[in-house]
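We count residues from 1, following the sequence as given. Any value given below was found using the heavy atoms of this structure, including those in side chains, with hydrogens, waters and symmetry copies removed. All ligand and atom numbering here is 1-based and tracks the order in the structure. Small disclaimer: the values here were computed from a predicted structure and weren't measured.
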Amino acid sequence: MPTKQAYTQSEIQDWLCCNLATALQVEAEEIDIQQPLEDYGLDSTQAMLLVTKTEKMLGFEVSPTLLWHYPNIAMLSQRLAEESAECGTGVTQTQAESTILKPETLDLSAEVVLEPAIRPPSQSFRFAGKVDNIFLTGGTGFLGAFIIHELLQQTSADIYCLVRADDINAGKQKLQNNLESYALWEEEYEPRIIPVLGDLSLPYLGISTEGFEMLAANVDSIYHSGAMLNYVYPYPALKAPNVLGTQEVLRMASLFKLKPVHYISSVAVFESSAYAGKLVKEDDDFQHWEGIFLGYSQTKWVGEKLVKLASDRGIPVTIHRPPLIAGDSRTGVCNTDDFINLVIKGCIQMGCFPDVDYMLDASPVDYVSKAIVYLSQQEDSIGKAFHLQHPQPEPLSHLVDWIGSVGFPVEKIPYEEWQARLINNLSSADNPLYTLRPFLLERWSDEQITIPDLYLQSRRPKISCEETLNALAGSGIVCPPLDSQLLMTYSAFLIQNGFLGVA
Ligand SMILES: NC(=O)c1ccc[n+]([C@@H]2O[C@H](COP(=O)([O-])OP(=O)(O)OC[C@H]3O[C@@H](n4cnc5c(N)ncnc54)[C@H](OP(=O)(O)O)[C@@H]3O)[C@@H](O)[C@H]2O)c1
């Protein structure tokens, strides 16, 4: 950390406004110091860059989540100014550097509250093999694009897609651009993909009451893939889209007529330390949430619990828990902005990977989407959960060896050495790991563990997918092996689109 100096609240405030405006490419005057920071919608990378720059300026370590634990810039600047004063006046270097401003802990079980009014209407649910109208969230995202594509292939239904856009045309274009970006668009799809303007964070999904009721009356099933995937924001900043948005989806499912909800959860619901080394099966109930650190994972835990509460009340649901979702096994197309791709790119640029006991538990997006759509069409899936993780995960070290074998010079070094290189040798934001540093290095809880520590094999549950594979038997849907052919498909795409340099 650079030399410390005490900054006043107004200096920090001006600095934050200026840098937030730069990140958002707007004028500093457009930043309102009373506006909640999450309203500005920074993605993980922009948020990490702001944290890194703030640390550099202040000269002490700042928790990435702190930026979203103070309601607005005015209050955050006040807190940082207090910290800056302490650091600038006599707190020793060692003390100051170990000072991390930590958010309060949450009781997640207390967050599981589903409005009493969300319950089935009087008539009972009848499973329909054929559906005419589907409502889908997350259609402008990675998995959502593949689910839309699969639904268009496997059903004759029209798909009403919740989309954040200024008008219907912009919404239509946003959905089309997304499908095109994953090489999935066909002109003939156009009339069957119908944008619905709205926002998961808002009551009634930001749709007018009449529009919401019209959908509730006419839709036959719901696929809820939308969520804010941000590994930096804390729970409160993600609660509206990920938890309250799920509640609104359940409201739609229960209004006028019962319709099944196919909810895209995540294996992150098992991130509690209580499951370390334990076998978890699809239909196991899970109560533990202690030790789930990421706000995103916390919202997935609460979101899934709401879906289970709805199921207990009689709303038909299926729960799909994907692991890390990798690219399309046929074309290699993937979401280059996702965390794992950024880490791989950063490690290749650094020339080294940490030698850690990780399993590469990632499933190709085409497997995940095909499985979700197939399972959603089976009557006996209702009320069940499915695990879509890779049936034969590979050790991360195999991936590193493979990267080396195709010409990228990388070595495996002890984890502590890798961390030290991250701190001492990276000075440029050209390497994606530079902006991820606070996130990768921050120490949490009494155990003082980092986020990467959480994914060590010894801390992971053993997630069984036996019942899911049984349910998929006979469907022809098989998860492609994580072999050199698949890795070649992925790397060819990443090199071709310029994300990775030529080996
Ligand atoms: N990717 C993974 O590795 C992974 C692993 C396990 C589980 N999952 C789950 O799979 C689902 C899909 O993930 P993904 O990888 O497709 O994520 P993604 O590419 O980031 O897409 C997220 C989608 O949610 C939408 N969304 C976010 N906030 C919204 C809001 N306030 N209102 C309306 N829509 C909003 C986004 O719309 P905009 O385009 O407007 O932002 C986008 O369409 C999520 O539920 C995620 O938790 C993903």
Ligand-residue contact atoms, ligand 1 with [X], heavy atoms, under 4.0 Å:
X: Ile264; value: 9 (C), 10 (O), 11 (C), 45 (O)
X: Leu324; value: 3 (O)
X: Asp199; value: 30 (C), 31 (N), 32 (N)
X: Lys174; value: 38 (P), 39 (O), 40 (O)
X: Gly138; value: 23 (C), 24 (O), 43 (O)
X: Ser201; value: 31 (N)

Side-chain ion pair, Glu271 and Lys300, N-O less than 4.0 Å:
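Here Glu271 does not pair with Lys300 in a salt bridge, since their nearest N and O are not under 4.0 Å apart.
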
Compute the ring centroids of His262 and Phe386, then answer whether they are less than 6.0 Å apart.
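Aromatic pair excluded; centres sit 6.0 Å or further apart.
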
Check for me whether the distance between the ring centres of Tyr182 and Phe146 falls short of 6.0 Å.
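Here the rings of Phe146 and Tyr182 have centres that are less than 6.0 Å from each other.
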
Would you call Ala165 a ligand 1 contact, heavy-atom distance under 4.0 Å?
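So Ala165 does not count as touching ligand 1.
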
Under a heavy-atom criterion of less than 4.0 Å, does Gly245 contact ligand 1?
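No, Gly245 has no heavy atom closer than 4.0 Å to ligand 1.
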
Can you tell which of Ala362, Pro323, Pro241, Gly171 gets a heavy atom nearest to atom 6 (C) of ligand 1?
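Closest candidate by heavy-atom distance is Pro323.
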
Measure from atom 1 (N) of ligand 1 to every heavy atom in Asp338, Leu229, Leu143 and give the option owning the shortest one.
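Heavy atom nearest to atom 1 (N) of ligand 1 belongs to Leu229.
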
Under the side-chain contact (heavy atoms from CB on, under 4.5 Å) test against Tyr189, which residue among Ile159, Ile148, Leu152 passes?
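Only one option passes, and that is Leu152.
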
Residue-level breakdown please: for Lys300 versus ligand 1, do any non-hydrogen atoms fall below 4.0 Å on the side chain, on the backbone, on both, or on neither?
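Answer for Lys300: side chain.
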
